[in-house]
Amino acid sequence: MSDDTLRSVRIERTSAGRYTATNVRGGSITFGSTGDADFTPVELLLAAIGGCTAVDADIATSRHAEPVEFTVSVQGDKVSDEDGQHMTNLAVSFRVSFPEGEGGDRARAILPRAVKTSHDRLCTVSRTVELGTPVTSVIEDV
């Protein structure tokens, strides 16, 4: 792939069950598996699914009116079956309101189409999950 299509993060173990992911711009997020307040990898997946469509819908609507409320909830069931561990029943719910007036009316009218377009075409995260993409794992020489 070319440099303009490549996306990457680097993950480093910081302690037992804790990790930090860093992007090429220097942003970072800590996550883990120790049961503390850190996000788990599954919660990061849910956040990525909801966040991707939230960004798309926010861009499309907020040019008309600043939302009064903009909350996105994502949930699903973590199961273990003959296919191994995976998520099922993924659902993204939007709770968005706009002020009264012409701008708010336009934003309200655009919101359903913005969410649908994001889901169907724009959101790289949910599109990748729905289409299914092979993941390869390799161990590099140290």
Side-chain angles (χ1 to χ4, degrees), residues 1-140:
M1 288 281 132
S2 67
D3 287 342
D4 61 334
T5 63
L6 181 65
R7 304 296 186 268
S8 66
V9 296
R10 179 182 173 96
I11 300 169
E12 293 189 35
R13 181 183 187 269
T14 57
S15 62
R18 296 196 77 207
Y19 309 87
T20 298
T22 305
N23 64 28
V24 296
R25 296 172 309 284
S28 65
I29 187 167
T30 300
F31 64 98
S33 62
T34 59
D36 59 11
D38 290 336
F39 277 75
T40 67
V42 169
E43 291 165 337
L44 290 174
L45 174 66
L46 296 174
I49 290 169
C52 188
T53 297
V55 168
D56 291 341
D58 190 29
I59 289 169
T61 59
S62 65
R63 66 176 66 126
H64 300 285
E66 189 65 22
V68 174
E69 178 183 3
F70 197 110
T71 305
V72 179
S73 300
V74 186
Q75 65 181 26
D77 297 310
K78 183 179 174 184
V79 299
S80 183
D81 58 21
E82 62 276 356
D83 293 324
Q85 293 188 15
H86 58 102
M87 296 295 294
T88 64
N89 303 318
L90 293 171
V92 181
S93 299
F94 283 77
R95 184 176 178 91
V96 183
S97 64
F98 297 99
E100 294 301 319
E102 187 178 323
D105 291 344
R106 281 195 309 271
R108 273 186 291 284
I110 290 168
L111 181 63
R113 185 175 69 240
V115 170
K116 180 173 178 20
T117 301
S118 178
H119 175 268
D120 293 348
R121 304 287 310 153
L122 299 177
C123 176
T124 304
V125 178
S126 62
R127 298 302 311 141
T128 301
V129 170
E130 286 195 335
L131 294 173
T133 300
V135 177
T136 58
S137 296
V138 298
I139 298 174
E140 297 178 0

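Quantities reported herein were computed from a predicted structural model and do not represent experimental measurements. Hydrogens, waters and symmetry mates play no part in the numbers below; they use all other heavy atoms, side chains included.
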Practice problem: State, with a plain yes or no, whether a side-chain heavy atom of His86 is found less than 4.5 Å away from one of Val79. | Solution: yes

Taking all atoms of both residues into account, what is the closest heavy-atom pair of [X] and [Y], and its distance?
{"X": "Ser8", "Y": "Val24", "result": "OG-CG1, 3.6 Å"}
{"X": "Phe94", "Y": "Ala57", "result": "CE2-CB, 4.2 Å"}
{"X": "Thr20", "Y": "Ser28", "result": "CG2-CB, 3.8 Å"}
{"X": "Val125", "Y": "Cys52", "result": "N-SG, 3.9 Å"}
{"X": "Cys123", "Y": "Thr53", "result": "CB-OG1, 3.7 Å"}
{"X": "Phe31", "Y": "Ile11", "result": "CZ-CG2, 3.7 Å"}

Atom pair [atom1] ([X]) and [atom2] ([Y]), whose distance is rounded to the nearest 0.5 Å:
{"X": "Thr124", "Y": "Ile49", "atom1": "OG1", "atom2": "CD1", "result": "12.5 Å"}
{"X": "Leu45", "Y": "Ser126", "atom1": "CG", "atom2": "OG", "result": "10.5 Å"}
{"X": "Ile110", "Y": "Phe98", "atom1": "CD1", "atom2": "CZ", "result": "8.5 Å"}
{"X": "Lys78", "Y": "Glu43", "atom1": "NZ", "atom2": "CD", "result": "9.5 Å"}

If only atom types and distance count, is the side chain of [X] paired as donor or acceptor with the main-chain N or O of [Y] below 3.5 Å?
{"X": "Arg7", "Y": "Asp4", "value": "yes"}
{"X": "Arg127", "Y": "Asp120", "value": "yes"}
{"X": "Ser118", "Y": "Ala114", "value": "no"}

Verdict with reasoning, Val129 to Leu90, per side chain to side chain contact (heavy atoms under 4.5 Å, CB included):
CA-CA 10 Å; Val129 170; Leu90 293 171; 4.2 Å; yes

Answer with yes or no whether the side chains of Asp105 and His64 bring together a donor and an acceptor at under 3.5 Å.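 Per modelled atom types, His64 and Asp105 side chains form no pair under 3.5 Å.
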
#### Entry: Residues Glu12, Thr22; criterion side chain to side chain contact (heavy atoms under 4.5 Å, CB included); working and verdict
CA-CA 8 Å; Glu12 293 189 35; Thr22 305; 5.8 Å; no

